[in-house]
Amino acid sequence: MLNLTKEGIYLSLVDLRQKPTFQTLGLLFDLCRTKANNTFNYWVEILREMLPVSQIEEAKKDE
């Protein structure tokens, strides 16, 4: 089961850096694809508020 804080942040950072599918993220973090997607979307909004704009824009460029 996912520790909502620590592993949720890890999941989001892995997604921003590596861009795996949510199915792959689910396998890495022992979650279903939908839960991995929901977790990422939850934490990415929080990270956007915490990180400087330049880092968020850099992550968007990789998309």
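For the atom pair OH (Tyr42) and CG (Leu47), the distance works out to 10.5 Å, reported to the nearest 0.5 Å. If you take CZ on Arg48 and CH2 on Trp43, they are separated by 14.5 Å, rounding to the nearest 0.5 Å. With rounding to the nearest 0.5 angstrom, the CG atom of Leu11 is 10.5 Å from the NZ atom of Lys35. Here the CD-CG distance, from Gln18 to Leu25, works out to 10.0 Å after rounding to the nearest 0.5 Å. Between Glu7 atom CD and Asp30 atom CG the span is 9.0 Å, to the nearest 0.5 Å. Summarising the geometry, atom CZ belonging to Phe22 is positioned 9.5 Å from atom OG1 belonging to Thr39; distances are rounded to the nearest 0.5 Å.
Taking the side chain to side chain contact (heavy atoms under 4.5 Å, CB included) definition, one finds that Leu27 meets it with nothing, sequence neighbours left out. Here Asn41 pairs with Asn37 under the side-chain hydrogen bond (donor to acceptor under 3.5 Å, both in side chains) rule; sequence neighbours left out. With sequence neighbours excluded, no residue forms a salt bridge (Lys or Arg N to Asp or Glu O under 4.0 Å) with Glu49. The side-chain hydrogen bond (donor to acceptor under 3.5 Å, both in side chains) check on Thr24 picks up Thr21, with sequence neighbours excluded.
Residues Gly26 and Ala36 approach most closely at N-CB, 3.9 Å, considering heavy atoms. The two atoms that bring Gln23 and Arg33 nearest to each other are N-CG, 3.7 Å, heavy atoms only.
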